[in-house]
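What follows is a short report on a single structure.
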Number of protein chains: 2
Amino acid sequence: MPNPQGPEMEVVHLLRAATVELALHSARFASRNGMHPTDVRALIALMDVSRAGEEMTAGRLGTALGLNSAGTTALVDRLERAGHVRRVRDPRDRRRVVIEVDERAVGLGWSSFGPLIQRTVELLQGYDEREVAAIRGFLAGVRDAAAAGG
Amino acid sequence: MPNPQGPEMEVVHLLRAATVELALHSARFASRNGMHPTDVRALIALMDVSRAGEEMTAGRLGTALGLNSAGTTALVDRLERAGHVRRVRDPRDRRRVVIEVDERAVGLGWSSFGPLIQRTVELLQGYDEREVAAIRGFLAGVRDAAAAGG
DNA sequence: CTTATTATCTCGTTAGGCGAGATACTCGGT
DNA sequence: ACCGAGTATCTCGCCTAACGAGATAATAAG
């Protein structure tokens, strides 16, 4: 296993640096609001699903975050205790617990991630179509490579 | 706090998807080798420093990972117990403990991250200079935006 | 040579997450 | 209508990563 040093390695390191900074951004948001990294991931997943107009159940949330049922219950307990979400029994299937995100929690999330997204969009607007296509293709490639890698 | 839906949002979601998959890749490597996410981060940091021909001390490692001294000691304990690193007292300043990475641990790291890096380099080779420059600029911009964001 | 600083480690505690199992509800077959 | 299988969530007990406070040891400054 050699030690690649070609010009492409700079991009590899940039990719890692960006990933690390994004993780730190989440971690800062978490500790500033008395939350844990997992809580933030949960909030993002909940906002995503809500944006898509779908419902998020406790079990689905746990699967998305890679938690078992006990951990999921503890997670939802924390979020509910902090007032970020509400548990609502699904009247159709009363085994299911639908997680509803509180509007203030959504606002909180946007206040931290909104500017970052805004800045990213601005960055993209500085590139022409072919350049944006390259960025999109590269990111999709990295995502697939990471997902595939045994 | 609106709900951006412009064409740039696809790239924002791709960026997040790539970040998530990269994190999952690390997590899989960790659990496959009986390690924890923090141990993997530590190994990467150690390999980086080693590649740069510098020394990594216990304290510096802890700072890099955002751990306090107690957590750092526990981390190095785990890595040493697993045979991934060795503690070596610095003869110049005998308070300092230099962490040396075992060659087998380096090989282990490369076996998991090497193919991913390889694939990323291949991806980049499919783009011309201007496209690679766009990818590089975009990643640097994202890194800076995440680092700056309060 | 005494005091401050730096580097690491020890001890006790906190809390996130796991495994196993309990509980509650739905659904298919008879 | 009933019984068992399957599904969704929760409770209990445990493990351990990481923290805070403080001990120990070595170097550096006055």
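As a basis for the values below, the full set of heavy atoms in this structure was taken, side chains included, without hydrogen atoms, waters or symmetry mates. Residue numbers start from 1 in every chain, and the chains themselves are labelled A, B, ... in the order their sequence lines are given, proteins ahead of strands.
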message: Filter on ring-ring contact (aromatic ring centres under 6.0 Å, His included), then keep only pairs touching residues 28-54 of chain A, sequence neighbours left out; what's left?
response: A:Phe29-A:Phe113
message: If the condition is salt bridge (Lys or Arg N to Asp or Glu O under 4.0 Å), which residues does B:Asp93 pass it with, not counting sequence neighbours?
response: B:Arg95
- prompt: Under a criterion of less than 4.0 angstrom to any heavy atom of chain B, what are the 5'-terminal and 3'-terminal contacting nucleotides of DNA chain D?
  reply: D:dA17 to D:dT27
query: Among all residues two or more places apart in sequence or in another chain, which pass the side chain to side chain contact (heavy atoms under 4.5 Å, CB included) test with B:Ala42?
result: B:Leu61, B:Leu65, B:Leu75, B:Leu79
task: Would you jot down, in residue-number order, the residues of residues 88-101 of chain A having a non-hydrogen atom under 4.0 Å from DNA chain D?
output: A:Arg95, A:Arg96, A:Val97
query: For the hydrophobic clusters of this structure (ILVMFWY residues joined by side-chain heavy atoms under 4.5 Å, transitively), does one cluster hold both B:Met9 and B:Val11?
result: no
- request: Hydrophobic side-chain clustering at under 4.5 Å (ILVMFWY, transitive links): who's grouped with B:Leu24? Put none if nobody.
  value: B:Val20
query: Do any of residues 53-64 of chain B sit with a heavy atom less than 4.0 Å from DNA chain C, and if so which?
result: B:Thr57, B:Ala58, B:Gly59
Qualifying salt bridge (charged side-chain N to carboxylate O under 4.0 Å, His left out) pairs, either residue in residues 139-149 of chain B, two or more places apart: none
query: In terms of side-chain geometry, is the basic nitrogen of A:Asp102 or A:Arg104 positioned less than 4.0 Å from the acidic oxygen of its partner?
result: yes
query: Hey, is CD on A:Glu103 packed in by over 12 heavy atoms from elsewhere, all under 6.0 Å?
result: no
message: Going by the rule side chain to side chain contact (heavy atoms under 4.5 Å, CB included), which residues pair with B:Glu129 if we only count those two or more places apart in sequence or in a different chain?
response: none
message: I'd like to check the side chain to side chain contact (heavy atoms under 4.5 Å, CB included) partners of A:Val101; sequence neighbours left out, ordered by chain and number.
response: A:Leu43, A:Leu46, A:Ala105, A:Val106
Could you go through nucleotides 12-19 of chain C and list every protein N or O atom that sits under 3.5 Å from one of its N or O atoms, giving the distance for each pair?
unit_1, atom_1, unit_2, atom_2, d
C:dG16, OP1, A:His36, NE2, 2.4
C:dG17, OP1, A:Thr38, OG1, 2.4
C:dG17, OP2, A:Arg78, NH2, 3.1
C:dC18, OP2, A:Asn68, N, 3.2
C:dC18, OP2, A:Asn68, OD1, 3.4
C:dG19, N7, A:Asn68, ND2, 3.2

Pairing of A:Arg86 and A:Glu80 as salt bridge, 4.0 angstrom limit: no
Integer-rounded Å distance: C:dT8 P and B:Leu65 CG: 14 Å
message: According to side chain to side chain contact (heavy atoms under 4.5 Å, CB included), who are the partners of A:Gln118, at least two apart in sequence or on a separate chain?
response: A:Glu122
